[in-house]
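Working notes, beginning with the structure itself.
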Amino acid sequence: LTQPPPWGINTNIRLTLPVVCFVWQIAMIILFGVFIRYDEESDTHWVETKAHDNITSDIENDFYFRYPSFQDVHVMIFVGFGFLMTFLKRYSFGAVGFNFLIASFGLQWALLMQGWFHSLDPQTGKIFIGVESLINADFCVAGCLIAYGAVLGKVSPVQLLVMTLFGVTLFAVEEYIILNLLHARDAGGSMVIHTFGGYYGLAISRVLYRPNLHQSKRMQGSVYHSDTFAMIGTLFLWMFWPSFNSAITDHGDGQHRAVINTYLCLASTVLTTVAISSLSQKTGKLDMVHIQNSTLAGGVALGTAAEFMISPYGALIVGFFCGIISTMGYIFISPFLEKTLKIQDTCGIHNLHAMPGVIGGIVGAITAAAASESVYGKQGLINTFDFTGDFKDRTVLTQGGYQAAGMCVSIVFGVVGGAIVGSILKLPIWGDPADENCFDDEVYWEVREPESIPPILEYNNHMIHKQQDL
Amino acid sequence: LTQPPPWGINTNIRLTLPVVCFVWQIAMIILFGVFIRYDEESDTHWVETKAHDNITSDIENDFYFRYPSFQDVHVMIFVGFGFLMTFLKRYSFGAVGFNFLIASFGLQWALLMQGWFHSLDPQTGKIFIGVESLINADFCVAGCLIAYGAVLGKVSPVQLLVMTLFGVTLFAVEEYIILNLLHARDAGGSMVIHTFGGYYGLAISRVLYRPNLHQSKRMQGSVYHSDTFAMIGTLFLWMFWPSFNSAITDHGDGQHRAVINTYLCLASTVLTTVAISSLSQKTGKLDMVHIQNSTLAGGVALGTAAEFMISPYGALIVGFFCGIISTMGYIFISPFLEKTLKIQDTCGIHNLHAMPGVIGGIVGAITAAAASESVYGKQGLINTFDFTGDFKDRTVLTQGGYQAAGMCVSIVFGVVGGAIVGSILKLPIWGDPADENCFDDEVYWEVREPESIPPILEYNNHMIHKQQDL
Amino acid sequence: LTQPPPWGINTNIRLTLPVVCFVWQIAMIILFGVFIRYDEESDTHWVETKAHDNITSDIENDFYFRYPSFQDVHVMIFVGFGFLMTFLKRYSFGAVGFNFLIASFGLQWALLMQGWFHSLDPQTGKIFIGVESLINADFCVAGCLIAYGAVLGKVSPVQLLVMTLFGVTLFAVEEYIILNLLHARDAGGSMVIHTFGGYYGLAISRVLYRPNLHQSKRMQGSVYHSDTFAMIGTLFLWMFWPSFNSAITDHGDGQHRAVINTYLCLASTVLTTVAISSLSQKTGKLDMVHIQNSTLAGGVALGTAAEFMISPYGALIVGFFCGIISTMGYIFISPFLEKTLKIQDTCGIHNLHAMPGVIGGIVGAITAAAASESVYGKQGLINTFDFTGDFKDRTVLTQGGYQAAGMCVSIVFGVVGGAIVGSILKLPIWGDPADENCFDDEVYWEVREPESIPPILEYNNHMIHKQQDL
């Protein structure tokens, strides 16, 4: 079909990538045809529902409670994660483009998987979707995009699609166990999204370990403008994280409080990140890697507790420690992971997602266990922890225990799932790049202009040699 | 007044551009003074309206239904369209700057034109505006920004202003015919915005055909960072398209459904765009042109049907085919248009707007004709197609026919209007650039730094020659 | 601790920056612990409040009125201000990074300062915060970010933190005087935010005057991509300014009207900015400095009057003159300020904030004095100017006088406060850069890649010299 590839191994994806995309998309159409329907708030029968339920105004449609948050989350998924990963000098297309591809791919599968597990209507066998389903699908995809951060530049888009397919599947199952069976609370997904996604990506990266990755050393690291592009991602993630953590919390005070907590926590994280970053350099210079990533750790760590009465100063404390721990992770733990544990983590997701996610799980467990009627009010406590139905007799202490159990589930799913999926991705059929071609957009993208510096040097050499001949 | 221009023809706009801007803005102030007033929901008398209409809460002000969508649309107009066009290596200022200018210019005229046609109060002779008027003005401007895509880099800002002046005028008329006289539905503007804007731009570009455009070949195409900037535009368009298609649909389920449909359709488009893009290259590499543009075609094509009960899998199907058709358009149709029909379409708006717009019109006609009470419910059908007043006896089949008629109107207005406006723009008074200076910001912008590569080469040459003299 | 710095003076901030960050953040945690609590709409007791106040739906929580605007304001603070300042060729990290730092630092202090002055509960001694508090904190920070624009590139991050600490403090006091004591209206902060912030920054810059700043001339000015980055900031500020001016106005028509006015005013500003920019150059070329900055002046100038019945054409008129005045400021006044008054204003905040802010104050005073019951309605007038309680007998004319008085207060606080704070910042302990190292990210940031041009030239020289030796 094609010429032999210019790389050491075959990175031709002209067959596999289109086939996976087409087959997958056709499967989605069929499954959506069988299973997915509009829910009652997005169906034209809403006018009847309204009359039936005595709803007086269209504004009480869940759409108006959640759509602004949904759009913020949507921006985080596509611009936030996409641009955050553009920091590499020649992998911006892959960062933002493959992020775009796998998110679009994953969210469809997420609607189905989450639907089957959470909201399959037993009578009709249908899944009814609304704006909250879209948010949950975006959340689910976030787990896979986090994992992408660990293997950025080292895998083919086909591998990414496979990784996302299994990632979404695993996500839906662990989410079902944590939220439904254990009845843990995790509105912003410290456990369900970040811990799972983090360990999933790290485990995959471990299995795909490349001992000779130094061969593409010239392509690692950033250039001035790529670091500036990455700040677009950082800031949109940072600014919209309050929407992320509040998108699916309770109407009213639930969303309101989650926003306040996340806003404060993130502000605090910025200050300690800057402090540690400055401390880590001889003359106190700041490192863009820390500013781009560790400033976000507070948002991750408040994912579980954002809707709780953690109180404003509590949120500041969480942010305070997360900025320190995450930045230190970049300075001390990442090199250790690479050298000793052979985990090559391109974006440092261990420091931004895995570790803060675990902190978030612990914070959630402790604050849940410490909740009291005097702080929450009787009804407030019931609402916040959803102590209704089967769980109406659960105590806060028990709840704390289940929260902790939930965190363990997310770690186990991440590590074990990642190890298995990593093994699948190790098969030599996916078109991944050779060690010396990692982090290079030219492998999978038509790049019209070559890297800016070499050609000039070549031209110079050419001129100089020409001259020498004179 | 000034020195002779360094270009082949006179690109001096020091007289024309300020005059047009000033005259226009003063005219706007006068016309706004005569015609435009706040509507009852944005007037201080709202407190009385509320009492009179038994409205219990301020939240029922239309502002809260539409403002989040409005802001998303606003971002699409200025950042979305603006940055999407920054892909050229040295036309980023023109892309984002002239987009800014003509949008600001056009939206004022749009408020007047749309007001005169749609909402002139017969008693007072005034136009009462609110947030929905602002959305409609942004929509109207979108049509002209689409047209700008076809002539990007080949016209002067004065030409763009003229083009926008007539574009908005034509838009308001065709919109009146399609939405009011034919009573077609077109919430996201597949016909009214995209088909019209697309053919308007293509017709203008045809009339302004430049046989020697190859003389500025060195300036065509992208560089690495300009492609990354363009992805900012792509992503903000893509993410906020659900807001675009739902911004002016019915409160409640109407907005809710339009969002779900558009979200799904666009996800599907990404996968087939990637598939075809990969298929089109020898080793399966992806092309940034396709990823930047064709991924958006699904949003265009769902503009009419987004508020219908097209069902989730229906939305996926529309996206599926749009990704394929639009990408193939870039591969096969654009070269054909340029060679055979002499249409030079800088951004490929034929593939992103014109063609998907027509598809959207057809999808809308078919889904309208196929609507039934069993799916929509009796009242739902009336609400969705607005079968009230003069149109209360219209059947869905008739509606389908009028939808199709609407599409023809938009094409005719685009082609004929564009041909006429193109002829006006051909007059040699507008300061457009010579063939060899197209796609170059230096013609209309103070560019402090020259292109990055030549000076270095020159420096080298200088050094080398100096040396040779030694 | 460290090596002697490579610069003329000591720019080592390894001790000061972390110490300030840590001490400050710990102080914040303690003060938040003592003073800050959730307000009744973000507390779990909201369920009881609802029952008590007969609130029927969660949607009436203030969160749903203000959150979309809050997020837009948040984007303006971090992406808007941050990216607007990236225009310098090698100060993007400092622009966006230090903006990030001082905003995160300032908003915490703002919540406390504003709380103590505006909303300290006398019974409990607590400050109860909700989404409106977050908006106000962002507003307060905006004043300091404006001031940053005047000293961009010439100060150390420690100086910025000190400047922000005092800036927020002064802001809270002048805001209290203007809004509470004088009972002036200033929803979008023409006076409170822009006039104060502008003069505060200019006064500081005056005190820190550097006679030898020309030594870093090579680092001043922009390059092509840095100007494109800056347009991201411009556009997000421009698009979301309607949210800025409406974020804390009255529910319902108040927010609605402020959006319409600001939207129109800004559109008008763009046209006159383009006109004057084009007039100022020999061949009518546009200047990116004007497009990036003066297009925003209309939003500043409508900060006070946005919620008034200034009427649509009134908003256009304000924008018309602001575009002219602000652009002329860049052309004529900035050079004058630098030469004659020795005010070095990196971003031209005089033209974008100080001057339009004063215009806004005047417009506000005049429109307030001209308000009438015939236009506003009896209740509308009371609502708009909050003529209740102690102020129930105030006339519009008196109100106009107090508005004018408010503007004077903001100028005095800016100038005097800035002069004092500038003197503090002149102490030789803050690690500010030498004259020849201003506007250079390498002073405070690890920059992995050196400037792109010099090394190549060096390489060339090297090759050429090598050759000469042959």
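Each chain gets a letter, A, B and so on, in the order the sequences are listed, and its residues count up from 1.
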Short side-chain to backbone donor-acceptor contact, B:Thr228 and B:Tyr224, under 3.5 Å: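 Yes.
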
Exam field: side chain C:Asp72 to backbone C:Phe244, donor-acceptor pair closer than 3.5 Å: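 Not at all, since once roles are kept as given, no pair shorter than 3.5 Å links the two residues.
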
Inter-residue atom distance C:Ser222.OG - B:Glu446.CD, 0.5 Å rounding: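 If I round to the nearest 0.5 Å, the distance is 10.5 Å.
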
Under a 4.5 Å cutoff for heavy-atom pairs, which residue among [options] has the most contacts with chain B?
options                                : answer
C:Thr56, C:Ile324, C:Ile232, C:Thr272  : C:Ile232
C:Thr234, C:Thr269, C:Ile276, C:Asn261 : C:Asn261
C:Asp250, C:Leu316, C:Thr273           : C:Leu316
C:Val289, C:Asp227, C:Thr384           : C:Asp227
C:Pro312, C:Gly377, C:Ser246, C:Ser243 : C:Pro312
C:Tyr67, C:Phe229, C:Tyr64             : C:Phe229

Part of [X] lying under 4.5 Å from any heavy atom of chain C:
X        : answer
B:Asp58  : both
B:Leu161 : neither
B:Glu41  : both
B:Phe35  : neither
B:Asn99  : neither
B:Phe105 : both
B:Glu60  : neither

Which one of [options] has the most heavy-atom pairs closer than 4.5 Å to chain C?
options                            : result
B:Ser104, B:Ala137, B:Ser226       : B:Ser104
B:Ile59, B:Ile13, B:Thr86, B:Asn61 : B:Ile59
B:Leu101, B:Asp43, B:Leu17         : B:Asp43
B:Phe93, B:Phe32, B:Trp46, B:Phe22 : B:Phe93
B:Ser57, B:Pro68, B:Pro157         : B:Ser57

Proximity breakdown for [X] and chain B, heavy-atom pairs closer than 4.5 Å:
X        : value
C:Ser278 : both
C:Leu381 : neither
C:Gln255 : both
C:Ile310 : both
C:Thr295 : side chain

Whether over 12 other heavy atoms sit under 6.0 Å from C:Phe320 CZ: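 Yes.
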
Crowding at CZ, C:Phe321 (>12 non-hydrogen neighbours, <6.0 Å):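 Not more than 12 within 6.0 Å, no.
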
Are the aromatic ring centres of [X] and [Y] under 6.0 angstrom apart?
X        : Y        : answer
B:Phe63  : B:Phe70  : no
C:Trp238 : B:Phe100 : yes
B:Phe78  : B:Phe83  : no

Side-chain heavy-atom pair B:Ile129, C:Ile260 within 4.5 angstrom cut-off: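 Result yes, sub-4.5 Å side-chain heavy-atom pair found.
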
Candidate pair B:Trp445 and B:Phe98, rule ring-ring contact (aromatic ring centres under 6.0 Å, His included), full reasoning: CA-CA 11 Å; B:Trp445 297 85; B:Phe98 294 154; 5.3 Å; yes

Pairing of C:Arg257 and C:Glu307 as salt bridge, 4.0 angstrom limit: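 The answer is no: the pair does not qualify as a salt bridge.
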
Basic-acidic side-chain contact under 4.0 Å: C:Asp287, B:Arg448: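 Yes, charged N to carboxylate O under 4.0 Å.
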
B:Phe65 and B:His251 aromatic ring geometry - parallel, tilted or perpendicular at 30°/60° bounds: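 If you compare the ring of B:His251 with that of B:Phe65, the planes turn out parallel.
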
Working for ring-ring contact (aromatic ring centres under 6.0 Å, His included), residues B:His74 and C:Phe240: CA-CA 9 Å; B:His74 218 39; C:Phe240 288 165; 8.4 Å; no

